[in-house]
Amino acid sequence: MDLRQIESKWRKKWEETGLYKFRPERADKKLYVLEMFSYPSGAKLHAGHWYNYGPADTYARFKKMQGYEVFQPMGFDAFGLPAENYAIKTGIHPQDSTLKNIATMENQLKAIGAMYDWDYEVITCVPEYYKWTQWLFLQMYKHGLAYRKEAPVNWCPSCNTVLANEQVVQGECERCGSVVERKNLTQWFFKITDYAEELLRDLDKLDWPEKTKLMQKNWIGKSYGGEIEFAVKDSDVTFRVFTTRADTAFGVTYVVLAPESPLVDKIVKPECRAAVEEYRKNAAKTTEIDRLASNREKTGVLTGAYAINPVNGREVPILVADYVLASYGTGAVMGVAAHDERDYVFAKKLGLPIERVVKGVDGNDDLPFCDYGVMINSGEFDGMTSEEGKVAVIKKLEKEGKGALKTNYRLRDWLISRQRYWGAPIPMIHCEHCGAVPVPEEDLPVRLPYNVDFKPDGKSPLAKCEEFMNVKCPVCGRPARRDPDTLDTFVCSSWYYLRYPDNKNAEKAFDREKIDRMLPVDKYIGGAEHACMHLLYARFFTKALRDMGYLDFDEPFLSLVHQGTILGSDGFKMSKSRGNVVSPDDSIEKYGADVFRMYLMFGFSYVEGGPWNDNGIESMAKFFDRVERLIRKGSGQDEVRASVDAREKLDYVRNNTIKCVSADIENFSFNTAIARIMELVNAVYDYVNAGGATDTFFEDCRKDLVRLLAPFAPHFAEELWEILGQEYSVFNQPFPVCNEDALVLRKVELAVQVNSRIRAKVTVASDATREEIEKAALAALEGQLEGAPKKIIVVPGRLVNIIA
RNA sequence: GCCGGUGUGGCGAAAUGGCAGACGCAUGGGACUUAAAAUCCCAAGGUGGUGACACCGUGUGGGUUCGACCCCCACCACCGGCACCA
């Protein structure tokens with residue numbers, strides 16, 4: 001069979017007959033199956049795309065055959081850095097290259113033979129889409145979830161441009177190798193931290209890989225502790241520190257502020273000012289990457305000021321050190337050298353005192369002692385355990401107004417400004433008189449101008465486009481300037497799944513009634529690399545939109561599966577620079593899309609992936625031939641009948657296959673599902689070879705075989721279905737259902753063990769009683785046993801273990 | 001450093017605490033063929049034995065259990081995430 005020819009034949013027929021068109025009137029049976037949409041890069045689809053989309057489509061087809069109205073759309077995440085970099089390199093405008101790539105990729109995606117309903121396509125870089133991305137930004141702004149503040153960007157002093165994090169390689173500019181500096185710019189943020197608690201809590205509701213949930217949990221980083229208020233000696237300044245170990249509060253021998261803390265200016269003594277200023281300047285110069293290197297030597301300077309520890313009234317020095325982060329907690333920490341690794345190293349280095357206030361239960365007196373223990377040298381708290389003490393100390397301070405129980409999150413607000421061209425413009429206007437003013441909704445979209453010099457020279461590309469920048473202030477009507485930045489592409493991809501069901505709506509981002517019916521996504525499939533970014537942002541968007549009243553569900557993706565990564569044959573991640581990218585083109589040219597899909601599903605464990613190797617692809621093509629020969633065998637005479645035994649045997653395999661394949665697809669265990677189908681093929685051959693039977697039973701088995709195969713090899717199965725003389729289309733057929741009766745065997749073989757070692761096999765009736773089984777087992781040992789057994793363990797259907 | 005995951009034949013991989021290695025690849029043998037290809041059938045973890053069989057085998061070392069790839073403890077290697085988070 002010329003697989004490539006039948007593939008185009010069926011693809012054409014599917015399109016003509018609209019086989020995969022979503023029917024909204026059947027939305028009560030909807031199943032929203034979504035794969036993460038593609039980035040339209042210049043390169044062709046590689047093996048990894050197929051590995052994501054092929055198996056996902058198998059799942060979708062299986063569900064369609066089970067009677068679900070499957071909604072499986074596809075689209076393009078089309079804004080972003082690669083197109084812009086490509087443009088800088090080649091001079092080809094990002095819009096031109098992107099739209100061209102999309103056209104190419106649409107065709108390539110069609111070659112996979114997936115059920116995408118292209119009527120619902122979404123492309124993020126067209127005004128019809130980004131108009132609503134901008135609208136969503138405005139809603140966030142109106143609801144207090146978007147705000148501006150200064151934040152550092154990566155700055156390359158040689159290219160004179162802002163770099164994205166991924167363009168910084170080991171602290172250096174990816175392009176020119178200069179050392180990257182930090183520079184502060186006023187930028188927009190989304191207040192994702194407002195949702196930290198709910199984002200954390202609702203993880204419990206989700207059918208997601210535990211690993212992914214744990215990653216999000218750690219990313220959100222909730223920690224329970226308390227704040228303790230220190231007063232600065234000889235002044236009315238007070239400040240708070242956050243700690244999870246209030247039980248060590250009596251051991252505070254110094255206090256540290258972050259270099260960026262505004263408090264520093266207020267408290268520093270004149271004699272220390274010069275040294276402190278010098279230290280702060282150096283800290284600001286240090287790149288974030290260096291500063292975050294945990295093995296870096298600890299440094300710090302005295303401020304000359306002293307703080308009063310509220311638990312014992314002791315005066316301790318206040319220092320400035322860059323191991324304290326301004327962005328976490330209160331930007332100030334109490335130094336307990338005896339009971340914290342970092343504080344200990346710091347105190348040793350600077351010669352600060354170390355005082356033990358927690359004793360280990362096992363008499364361990366090494367320092368630092370960071371475990372929980374029993375409090376000592378802590379006044380009224382002596383003898384309390386750390387667990388009790390860390391609450392009791394805060395509770396006491398709380399009464400005095402000098403402390404409070406407090407929960408902290410590691411999660412930070414989401415920086416969404418990008419000083420880049422190829423993105424959705426931020427729909428804000430800056431007016432000298434009115435400040436930051438949102439673009440009125442009726443003026444959306446703020447179109448991204450085409451004629452822009454996007455070569456890097458130190459400014460946002462849009463800032464150089466006067467016709468774009470100059471605008472009237474919507475409030476006062478005086479001349480004003482647009483925001484020159486564009487939105488992070490993660491903003492575009494945080495809501496695309498909401499747009500699919502209503503992608504042509506020109507009045508709204510989406511119709512509430514429609515998406516409440518179609519969402520949440522029932523099965524979401526994509527790479528694990530998005531665990532903490534895209535997947536968290538999308539959850540945040542959904543929750544924020546719910547609170548604004550635009551939709552009525554809490555979570556966008558109920559069930560999530562990550563496909564594994566297909567590596568190059570050298571075992572490394574595929575990359576152009578390594579030259580180990582596997583293109584599916586040759587294989588598809590030679591064997592066709594179905595063989596390639598099946599090979600990918602059979603050769604790897606879906607969630608594991610692994611290094612590419614095409615050893616088995618030829619054999620998959622042979623398997624197709626083997627199936628085809630079986631389907632083409634003459635049949636329907638109903639003359640040659642097999643024995644009842646042979647029929648029963650095959651019927652067992654057939655139904656067992658149906659049962660296992662259904663469960664395996666449900667679990668995304670495609671390799672074992674295909675193994676079961678191969679077993680069925682083998683069993684049908686056995687049946688034919690044994691009796692030459694070509695009866696109606698044989699006919700039924702063949703039909704089931706084609707139906708079982710259909711989700712995996714859709715074009716091939718469609719052709720086989722036609723060869724069997726059946727009506728178009730096999731995808732309107734129900735997926736076979738297991739007849740449990742056929743799985744009840746009359747006889748079963750049991751292993752007979754003596755002291756857990758196999759010594760014999762015995763076949764008994766499947767409904768044999770325990771006594772019968774024991775008797776049969778002992779008989780099978782033919783009296784090899786000396787004396788009476790101490791104990792006999794019977795595992796029905798499996799084994800008998802005789803303990804002698 | 002911390003948190004996860006993985007480790008099984010020559011290879012890809014399977015195994016609700018119950019006969020390890022299903023299903024394939026590569027390999028060997030046979031049938032068909034003048035021959036080859038294709039196809040069909042059989043064998044196959046290792047060691048020893050003519051053999052029925054015996055012993056050893058799921059990264060390493062312990063443990064729980066009648067029974068452990070699976071559960072527990074310690075360790076090794078690789079992969080992924082986080083990384084001074086107070």
Side-chain angles (χ1 to χ4, degrees), chain A residues 209-219 221-223 225 228 241-246 248 256 258 291-298 321-325 327-336 339-343 345-346 408-412 528-529 531-532 564-565 567 571 573 599 602-605 607-620 622-623 625-626 629 660 664 669 671-682 685-686 689 749-761 789-804:
Chain A
E210 285 306 318
K211 187 185 156 166
T212 308
K213 291 205 259 184
L214 193 64
M215 274 166 71
Q216 287 210 353
K217 197 177 158 191
N218 293 338
W219 188 265
K222 182 176 186 174
S223 64
I228 297 178
V241 301
F242 174 74
T243 178
T244 55
R245 289 297 303 273
T248 65
V256 189
R291 210 173 143 182
L292 290 179
S294 53
N295 50 356
R296 191 160 152 263
E297 205 170 329
K298 302 258 178 298
D322 66 3
Y323 80 91
V324 176
L325 307 175
S327 53
Y328 185 77
T330 61
V333 306
M334 58 184 207
V336 186
H339 302 293
D340 182 278
E341 199 87 39
R342 291 153 300 162
D343 294 349
V345 174
F346 187 72
N408 236 315
Y409 299 90
R410 209 189 64 108
L411 184 70
R412 305 200 195 156
E529 66 274 17
C532 292
T565 313
L567 306 169
K573 213 169 192 165
Y599 171 66
F602 183 61
F604 303 84
S605 161
V607 295
E608 305 267 324
W612 173 259
N613 110 42
D614 52 11
N615 278 345
I617 191 159
E618 182 75 35
S619 68
M620 185 54 78
K622 286 183 183 168
F623 174 70
D625 291 341
R626 187 167 154 83
R629 281 194 298 277
C660 292
D664 285 348
S669 179
N671 55 346
T672 52
I674 293 170
R676 296 290 91 79
I677 293 175
M678 288 173 167
E679 279 172 355
L680 177 60
V681 171
N682 292 343
Y685 266 100
D686 285 349
N689 291 343
E749 191 189 55
L750 302 180
V752 180
Q753 297 182 328
V754 178
N755 292 332
S756 307
R757 301 191 76 102
I758 294 167
R759 288 292 180 252
K761 302 263 170 114
K790 283 189 197 131
K791 189 178 172 186
I792 301 179
I793 292 150
V794 177
V795 183
R798 297 277 184 178
L799 53 74
V800 183
N801 191 5
I802 296 164
I803 312 303

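Every chain is numbered from 1 and lettered A, B, ... according to where its sequence line falls, protein lines coming before strand lines. None of the values given here were measured: they were computed from a predicted structure. Below, each value reflects all heavy atoms present in this structure, side chains not excepted, and no hydrogens, waters or symmetry copies.
- In the model, A/S756 has a side-chain atom that pairs as donor or acceptor with a side-chain atom of A/N801 under 3.5 Å.
- Side chain A/K790 to base B/C66: no donor-acceptor pair is found below 3.5 Å.
- If you take atom P in B/U16 and the same atom in B/C71, they sit 11 Å apart, rounded to whole Å.
- Atom C1' of nucleotide B/C85 and atom CG of A/D322 are separated by 15 Å, given to the nearest angstrom.
- Taking atom CZ of residue A/R757 and atom P of nucleotide B/C53, one finds them 15 Å apart after rounding to whole Å.
- The residue A/G609 sits close only to the backbone: its heavy atoms come under 4.0 Å of sugar-phosphate atoms, none of a base.
- Using a 4.0 Å heavy-atom cutoff across all strands shown, A/L799 reaches at least one base atom of the nucleic acid.
- Residue A/R629 places at least one side-chain N or O under 4.0 Å from the OP1 or OP2 atom of B/C40.
- Applying the 4.0 Å criterion to OP1 and OP2 of B/C40, one finds that A/R626 has a side-chain N or O inside that range.
- Here, B/A52 and B/G48 have their C1' atoms 14 Å apart, quoted to the whole Å.
- Note: A/Y599 and A/F604 have perpendicular aromatic rings, judged against thresholds of 30 and 60 degrees for the angle between ring planes.
- Rounded to an integer number of Å, the gap from CG of A/D686 to P of B/C42 is 7 Å.
- If you take atom C1' in B/C69 and the same atom in B/A14, they sit 11 Å apart, rounded to whole Å.
- Residue A/N682 is classed as a sugar-phosphate contact, given heavy-atom separations below 4.0 Å to backbone atoms only.
- OP1 or OP2 of B/A86 has not a single side-chain nitrogen or oxygen of A/N408 nearer than 4.0 Å.
- Distances were taken from every side-chain heavy atom of A/I793 (C-beta onward) to each of B/A14, B/C3, B/C66; the shortest belongs to B/C66.
- Distance A/N755 CG to B/A68 P: 12 Å, rounded to the nearest Å.
- A cation-pi arrangement is absent between A/R342 and A/Y323 under the rule of less than 6.0 angstrom and at most 45 degrees off the ring axis.
- For A/R759 and B/A54, the shortest distance from a side-chain N or O to OP1 or OP2 is below 4.0 Å.
- In this model, the phosphate group of B/C85 is approached by a side-chain N or O of A/R342 to a distance below 4.0 Å at OP1 or OP2.
- The gap from the P atom of B/G7 to that of B/G17 amounts to 15 Å, rounded to the nearest Å.
- B/A13 and B/G62 are spaced 30 Å apart, taking the P atom of each and rounding to whole Å.
- The nearest whole Å value for the distance from the CZ atom in A/R676 to the C1' atom in B/A13 is 12 Å.
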